[in-house]
Structures are given as C-alpha cells and as structure tokens.
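Notes follow the structure.
No experiment lies behind these values; they were computed from the predicted model shown.
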Amino acid sequence: MNKSEASTVTYFVLLGFPGPWKIQITLFSLILLVYMITLTGNMAIICAVRWNQQLHTPMYMFLANFSFLEIWYVTCTVPNMLVNFLSKTKTMSFSGCFTQFYFFFSLGTTECFFLCAMAYDRYLAICHPLHYPAIMTRQFCSILVSLCWIIGFSLYLIPIFFISQLSFCGPNIIDHFLCDVDPLMALSCTHTPIVKHVFYSISTLIITLTGLYILASYILVLRAVLQVPSDGRQKAFSTCGSHLLVVSLFYGTIVVMYVTPTSGKSVDMHKAITLIYSVVTPALNPFIYSLRNKDMKYALHNVFFGKMIMKN
C-alpha cells in the first residue's frame, strides 16, 4: 500500500504525566527547575574550560564537549514536555515527533561514545603517563571528538527513517512524554517486527560494546592506581570516580530500558526510567564532575564570582 494512502496520522498526542491541574503545575515547576540547573551547570563548565588556560587539556576538552552534548540532549525533550504540562491538546506534529525521536537517540548514542573516549583518556593518563602527551595530542583529541559526533548521528539515521515510512492510520495517542520506539511501533498499522528487532539490536550492540569497553578500561585503571603511592592514588580516584558515577547512572538506566526485556515493565516505569537518564542525570553531571575536582571547582568559582575575586 502506498504510504500517502495509508498514513492518515498528521500529529501525535503525548499524554506525558496525566493528572489534576495542581499536579501538572507542580511537575512543570520541578522539571523547569531541573532544566535550568542543567543549562546553568553545563554552560558554566563550558565557560570554565574556555576561559581557564589550565583546563586546556584533553580531559577537560572532552568534558566541555560532553556538557555541550548534555545541553542539547535535554533541550530536545524538556521544552516540549514543559509546554505539554500547560497545554490541553498536548499535540506534536508527525515530522516533529520523528525529529525528536532521531535527535534523542542520536544524542544518547553520542553520549555513549563520549564516555568511551573519556575512559580511554583516563586509561592513557594513568596507565601510560609517559606516552600520554605524545598520543593524546590536540589533533588526536579533536579527531576523537569528531568521530563521537559523526558516528553517534549516523547509526540511527536509517532505522528511524524506515520507522517513519511505516503506516500510521490511527490511533495517535502516545502514553509517554517523548517520542520513543515502543510507543511509535505500537501505533503503526504495518506489522514489521524486523524493523523493531533491528532497532533494538543496534541499541543492544552500542550499549553492550561501549559499556564493556568502559568497564575494561577502568579495570586496567584500577589495577594501575593500586600500584601507585597513596597521594597519587587519591588524585586518580577523585578524577576517575566522578566519571564512573556518571557512567553508572547513565548506563544503569539505559540498560534497563533498551537491553533487558520490556514486556514486564509498566508504562509508568518506562516514563520514570526515561525521566532519570534524559532529565535528572544531565542535571547531576556538573555537580558530580566538579565535586572532587579542585581545578574545576576553582574555574567554576571564577565563572560565577570572577568579578568579586578581581575586586578583592
């Protein structure tokens, strides 16, 4: 059947978090607060790395790009979610839904590769400190950053295109706050399990391979750290510990969503898990990365209170 004849759905209705008006306003306020914290924290890290010469190193270059990624990651979902809290229609156009779908998964995939690149950077710095300056040059660092973005935005391009070509002839109600693969596939009038199978195979492969690489990198890092004196050990643990915490928060939730079987999970659990890794985690990352990092603390202090320091 021709797609133009079969597809009658021109927009979707995203139910989000249904409830009384007071609950909608409360959720709106909370999500808006988290969103503003995310923007402020990640923009502060970008400014700190840009303005502080001491932070012009590969580790902080990766961190600045990661913060830039997090800003866009939350921006592709949260503004529409906030509008829906205050809207009675809660609609999103067909093209807008699939655009969000593509950017959400592409940015999430890019985040996986950035976490791998950051793990590789720490592995080289701690396990091969003498070779680190020769290997992790500014040019090589730029190549890694570019590859993270290019590969991240390439892997889901074809699968999401094929999903968008399926027939959507009604209903058009999505019981979620964003356009995700399961709700969209459930609304399709075309029975094509292979498309969903391919999509989940790609997701499982990306999450498993990147997760195993990060795990292997930090096992080697841990083995090397245990062999150094206590002073150097504490510094290594402080820089790597924050990265491991971010990895654990992000991978713990996406593994539950896209690797483990989805049949036993309720819709509310899907929403809660998605909310954690797509909204809450990006807000926590700036605090995690600056909590035990003295250089970043000092640079962030200059970003927020620079004028006061100059006067003193």
Using side-chain heavy atoms (C-beta onward) and a distance below 4.5 Å, is [X] in contact with [Y]?
X      : Y      : answer
Thr274 : Phe104 : yes
Phe168 : Phe12  : yes
Cys112 : Phe250 : yes
Trp21  : Phe85  : no
Leu107 : Phe153 : yes
Leu55  : Leu63  : no
Leu144 : Tyr120 : yes
Met81  : Leu178 : no

- Which pairs pass salt bridge (charged side-chain N to carboxylate O under 4.0 Å, His left out) with one or both residues in residues 213-222, sequence neighbours excluded?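 Checked against salt bridge (charged side-chain N to carboxylate O under 4.0 Å, His left out) - neighbours excluded - no pair reaches residues 213-222.
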- What pairs meet the side-chain hydrogen bond (donor to acceptor under 3.5 Å, both in side chains) rule with one or both residues in residues 129-154, with sequence neighbours excluded?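 For residues 129-154: Asp121-Tyr132.
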- Sorted by first residue and then second, give each side-chain hydrogen bond (donor to acceptor under 3.5 Å, both in side chains) pair with at least one member in residues 25-44; sequence neighbours left out.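 side-chain hydrogen bond (donor to acceptor under 3.5 Å, both in side chains) check on residues 25-44 returns Tyr35-Thr75, Asn42-Ser67.
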- Query: Got a sec, which hydrophobics cluster with Leu209, joining ILVMFWY side chains under 4.5 Å apart, including via others?
  - Reply: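 Members other than Leu209 - counting any ILVMFWY side chain reachable under 4.5 Å - are Leu205.
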- Members sharing Leu15's hydrophobic cluster (side chains within less than 4.5 Å):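 Joined to Leu15, directly or through intermediates: Tyr11, Val13, Ile173.
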Of all residues at least two apart in sequence or in a different chain, which pass the side chain to side chain contact (heavy atoms under 4.5 Å, CB included) check with [X]?
X      : value
Leu32  : Phe28, Met36, Leu82
Leu284 : Leu249, Val280, Ile288
Ile151 : Phe113, Leu147, Leu155
Leu33  : Ile37

Measuring from atom [atom1] of [X] to atom [atom2] of [Y], what distance do you get when rounded to the nearest 0.5 angstrom?
X      : Y      : atom1 : atom2 : answer
Ile160 : Leu184 : CD1   : CG    : 9.5 Å
Cys141 : Met136 : SG    : CE    : 6.0 Å
His176 : Asp180 : NE2   : CG    : 5.0 Å
Phe94  : Thr99  : CZ    : OG1   : 10.0 Å
Met59  : Met118 : CE    : CE    : 8.5 Å
Cys97  : Leu187 : SG    : CG    : 9.0 Å

Ring-plane angle category for [X] and [Y], please: parallel below 30°, perpendicular beyond 60°, tilted otherwise.
X      : Y      : answer
Phe68  : Trp72  : perpendicular
Phe177 : Phe17  : parallel
Phe105 : Phe199 : perpendicular

- Is the count of non-hydrogen atoms from other residues, nucleotides or ligands lying under 6.0 Å from Leu30 atom CG greater than 12?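 Check passes, neighbour count above 12.
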- Query: Excluding sequence neighbours, so at least two apart, what forms side chain to side chain donor-acceptor pair (under 3.5 Å) with Thr210?
  - Reply: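 In terms of side chain to side chain donor-acceptor pair (under 3.5 Å), with neighbours along the sequence ignored, Thr210 is linked to Tyr251.
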- Task: Go through the steps to decide whether Tyr156 and Ser203 satisfy the test side chain to side chain donor-acceptor pair (under 3.5 Å), and finish with yes or no.
- Result: CA-CA 9 Å; Tyr156 282 105; Ser203 300; 2.6 Å; yes
- Query: Does the ring-ring contact (aromatic ring centres under 6.0 Å, His included) test come out yes or no for Phe62 and Phe66, once each step is laid out?
  - Reply: CA-CA 6 Å; Phe62 285 126; Phe66 187 76; over 10 Å; no
Mark yes or no for whether [X], through its side chain, and [Y], through its backbone, hold a donor-acceptor pair below 3.5 Å.
X      : Y      : answer
Ser164 : Phe161 : yes
Glu111 : Glu70  : no
Thr190 : Leu166 : no
Asn65  : Met61  : yes
Thr281 : Ile276 : yes

- Message: Going by ring-ring contact (aromatic ring centres under 6.0 Å, His included), name the residues that satisfy it together with His128, two or more places apart in sequence or in a different chain.
- Response: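 Here the qualifying residues are Tyr123.
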- Message: Under the rule for salt bridge (Lys or Arg N to Asp or Glu O under 4.0 Å), what residues qualify as partners of Lys271, not counting sequence neighbours?
- Response: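 Partners of Lys271 under the salt bridge (Lys or Arg N to Asp or Glu O under 4.0 Å) test: Asp175.
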- Least distance between heavy atoms, Pro129 atom then Pro133 atom: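 Result for this residue pair: O-CD, 3.4 Å.
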